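Have a look at the structure below, then the notes.
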2 protein chains.
Amino acid sequence: MTEDLSIENLLRNRGLRVTPQRLAVLEVIRASREHPTAEEIYEIVRLEHPAISLNTIYKSLDAFEGSGLVQRFTIGNRSNYRYDFATHSHVHHHCSQCGRVSDWEHTEAMTDLIRRTERDEGGTVERVEIHLLGLCRDCVRDGFD
Amino acid sequence: MTEDLSIENLLRNRGLRVTPQRLAVLEVIRASREHPTAEEIYEIVRLEHPAISLNTIYKSLDAFEGSGLVQRFTIGNRSNYRYDFATHSHVHHHCSQCGRVSDWEHTEAMTDLIRRTERDEGGTVERVEIHLLGLCRDCVRDGFD
DNA sequence: ATCCATGCAAAAGATTTGCATCTTT
DNA sequence: AAAGATGCAAATCTTTTGCATGGAT
C-alpha cells in the first residue's frame with residue numbers, strides 16, 4: 001500500500017491547509033533543482049497566479065519549513081535564503097564562474113566522517129550542510145580556471 | 001627569518017592602508033573564536049573607538065575579505081554574515097541549544113573525501129564550508145537532547 | 001461558523017551607496 | 001599633493017509584522 005505523494009497530500013499529511021497558492025509554491029520547489037530564493041519562486045509562481053503576493057510566498061515557505069517539508073539555508077557568501085525540498089541531499093556546489101548551485105552526491109563516507117567527528121568532539125550533529133565553492137563541470141570543460 | 005605577523009604588517013603586506021579603525025577591527029576578528037557578525041564587531045571596537053561608524057566596519061570587512069585576510073559566511077538558517085580570520089578551519093558547529101558557533105577540527109580525511117568527490121563529479125572545489133547543526137559538548141553534558 | 005491564508009502596506013533588519021571631510025601615503 | 005578611508009545620511013534589498021478580507025475546513 002503505497003503512500004500517495006501528491007503535493008496535496010504532502011500538505012494534508014502535515015495538517016497544513018491546501019490552497020492553490022501553496023500547491024503552486026510547493027510544486028515549484030519540488031520540481032526545482034535550482035535551490036531557488038523566495039524571489040525566484042515568486043517569479044515562477046506568478047506566471048500561473050499573477051495575483052499572488054511575495055508575502056504569501058514567504059508565509060508558505062515558513063509553514064513548509066516548520067513542518068519539515070522544506071529546508072532553508074544560505075550558501076557561500078550570499079545572505080539571502082534558498083529553499084530546498086527537504087529530502088534532497090545537502091551537499092551544495094556553488095560555481096564561482098556561472099553561479100549555478102547544484103547538488104553533489106553526499107557519499108556514505110562523508111556521513112561516516114561526520115559521525116567520527118561527532119564522537120571526537122563530544123557534541124552531536126543533527127544536520128549537515130556542506131558547501132563547496134569552485135567551478136562546476138561545465139565551466140571546467142569550457143576552460144575557466 | 002620569521003615574518004612579522006603584527007596586525008599592522010598583515011595590512012601592509014596586502015597593500016591595505018593602516019588606520020586605527022582597521023587595526024582595531026582586524027584585531028577583534030583575529031582574537032575572536034566567536035565568528036562575530038559586523039554588529040558584534042562594531043560593539044566591541046566601539047569600546048575603544050567610540051566614534052567609529054558601523055559603515056566603517058563594513059568597509060573594512062570588505063577590504064579584508066577582498067584581500068583574503070578574512071572570510072565571510074552565513075550559518076544554518078540565519079541570514080546575516082559572520083566573519084572569520086581566514087586561516088581558521090571552516091568546519092563550523094552551530095549549537096541548536098545555546099547558539100554557540102564553534103570550530104570543529106577539519107580532518108585530513110574530510111579533505112580527501114572532498115578531493116574524491118571533486119574527481120567523481122568533474123568540477124573543482126576551491127573552498128569548503130561545512131556547517132554542522134546540533135548540540136555542542138557543553139549542552140550534551142547538561143543533558144539537552 | 002470558525003479558523004486560518006491571503007494580499008496589501010508598512011516596518012524592521014542588514015548591507016550598500018553617495019558624498020563631503022579628514023588621514024595616510 | 002594625491003589617493004584613499006572615515007562618518008554621516010539616505011537608499012536598497014530581504015524578510016517580517018499588522019490587519020482587513022476572503023477561502024478552507
Side-chain angles (χ1 to χ4, degrees), chain A residues 6-29 35-43 45-46 48-67 69-83, chain B residues 6-29 35-43 45-46 48-67 69-83:
Chain A
S6 69
I7 294 288
E8 180 170 342
N9 280 347
L10 284 172
L11 292 172
R12 281 195 204 290
N13 291 347
R14 321 249 167 173
L16 297 174
R17 290 199 173 179
V18 177
T19 68
Q21 292 90 337
R22 287 183 170 186
L23 291 171
V25 171
L26 192 49
E27 178 55 35
V28 165
I29 299 173
H35 316 284
T37 62
E39 189 71 36
E40 287 162 356
I41 295 167
Y42 179 52
E43 292 306 333
V45 172
R46 230 137 83 92
E48 299 264 321
H49 298 261
I52 199 172
S53 74
L54 181 53
N55 183 296
T56 295
I57 308 288
Y58 277 110
K59 293 242 178 93
S60 302
L61 292 170
D62 279 0
F64 299 165
E65 199 203 3
S67 57
L69 278 174
V70 148
Q71 287 190 350
R72 79 175 185 183
F73 61 94
T74 57
I75 196 155
N77 66 20
R78 283 263 12 105
S79 81
N80 57 350
Y81 294 124
R82 292 178 172 276
Y83 294 85
Chain B
S6 69
I7 294 290
E8 180 169 343
N9 279 348
L10 284 173
L11 292 171
R12 281 196 204 291
N13 291 346
R14 320 247 168 174
L16 297 175
R17 289 196 173 184
V18 177
T19 68
Q21 292 90 337
R22 288 183 170 188
L23 291 171
V25 171
L26 191 48
E27 178 54 33
V28 166
I29 299 173
H35 316 285
T37 62
E39 189 71 37
E40 287 162 356
I41 294 167
Y42 179 53
E43 293 306 333
V45 172
R46 231 136 83 91
E48 300 262 322
H49 298 262
I52 199 174
S53 74
L54 181 53
N55 183 295
T56 295
I57 307 288
Y58 278 111
K59 292 244 180 91
S60 302
L61 292 170
D62 279 1
F64 300 166
E65 200 205 1
S67 58
L69 278 173
V70 148
Q71 286 189 352
R72 82 175 184 184
F73 60 95
T74 59
I75 197 154
N77 66 20
R78 279 261 15 99
S79 80
N80 57 350
Y81 294 124
R82 292 178 171 276
Y83 294 86

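From a predicted model like this one, the values you see are computed outputs, not experimental measurements. Residue numbering restarts at 1 for every chain, and letters A, B, ... go by the order of the sequence lines.
Here A:V70 pairs with A:L26, A:I29, A:F64, A:Y83 under the side chain to side chain contact (heavy atoms under 4.5 Å, CB included) rule; sequence neighbours left out. Judged as a side chain to side chain donor-acceptor pair (under 3.5 Å), and not counting sequence neighbours, B:T19 has no contacts. With sequence neighbours left out, A:E8 forms a side chain to side chain contact (heavy atoms under 4.5 Å, CB included) with A:S6, A:R12, A:V18, A:L23. Under the side chain to side chain contact (heavy atoms under 4.5 Å, CB included) criterion, B:A63 pairs with B:L16, B:R22, not counting sequence neighbours. Residues that satisfy the side chain to side chain contact (heavy atoms under 4.5 Å, CB included) test with B:E39, not counting sequence neighbours, are B:T37, B:Y42, B:E43, B:L54. In this structure B:S53 satisfies the side chain to side chain donor-acceptor pair (under 3.5 Å) test together with B:T56, sequence neighbours excluded.
Straight-line distance from the CG atom of B:D62 to the P atom of D:dT6: 12 Å, rounded to whole Å. As a whole-Å value, the separation of B:R46 CZ from D:dG7 P is 12 Å. Atom CG in A:L23 sits roughly 13 Å away from atom C1' in C:dA5 (whole-Å rounding). One can place CD1 of A:I52 at 14 Å from C1' of D:dG23, the figure rounded to the nearest angstrom. D:dT6 atom P lies 11 Å from atom NE2 of B:H49, rounded to whole Å. Atom CG in B:N80 sits about 12 Å away from atom C1' in D:dT15, given to the nearest Å. The separation between B:Y81 atom OH and C:dG13 atom C1' is 13 Å, rounded to whole Å. With rounding to whole Å, B:L61 atom CG is found 10 Å from C:dT15 atom P.
An end-to-end axis angle of 40° holds for the helix from C:dA1-D:dT25 to C:dT25-D:dA1, taken from five base pairs per end and rounded to 10°.
Heavy atoms of A:A51 sit under 4.0 angstrom from primed sugar atoms or phosphate atoms, though from no base atom. Residue contacts for B:Q21: at a heavy-atom cut-off of 4.0 Å it reaches the sugar-phosphate backbone alone, with no base atom in range.
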Between N or O atoms, less than 3.5 Å apart, protein on one side and nucleotides 9-12 of chain C on the other: list the pairs.
residue, atom, partner, partner atom, Å
C:dA9, N6, A:N55, ND2, 3.2

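Residue A:Y58 places none of its side-chain N or O atoms closer than 4.0 Å to OP1 or OP2 of D:dT16. An OP1 or OP2 oxygen of C:dA5 is reached within less than 4.0 angstrom by no side-chain nitrogen or oxygen of A:T56.
Annotation: the span from B:E48 atom CD to B:E27 atom CD amounts to 10.0 Å, rounded to 0.5 Å.
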Report, as a single string ordered 5' to 3', how protein heavy atoms within less than 4.0 Å touch nucleotides 19-25 of chain C: B base, S sugar-phosphate only, - not at all. -----BS
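A:R14 and A:S67 get closest at one heavy-atom pair: NH1-O, 2.8 Å.
Contact check for B:I57 versus B:E40: no side-chain heavy atoms found under the 4.5 Å cut-off.
Taking every side-chain heavy atom of A:S53 into account, C:dC8 is the closest of D:dT6, C:dC8, D:dG7.
Not a single donor-acceptor pair under 3.5 Å links the side chain of B:R72 to the backbone N or O of B:Y81.
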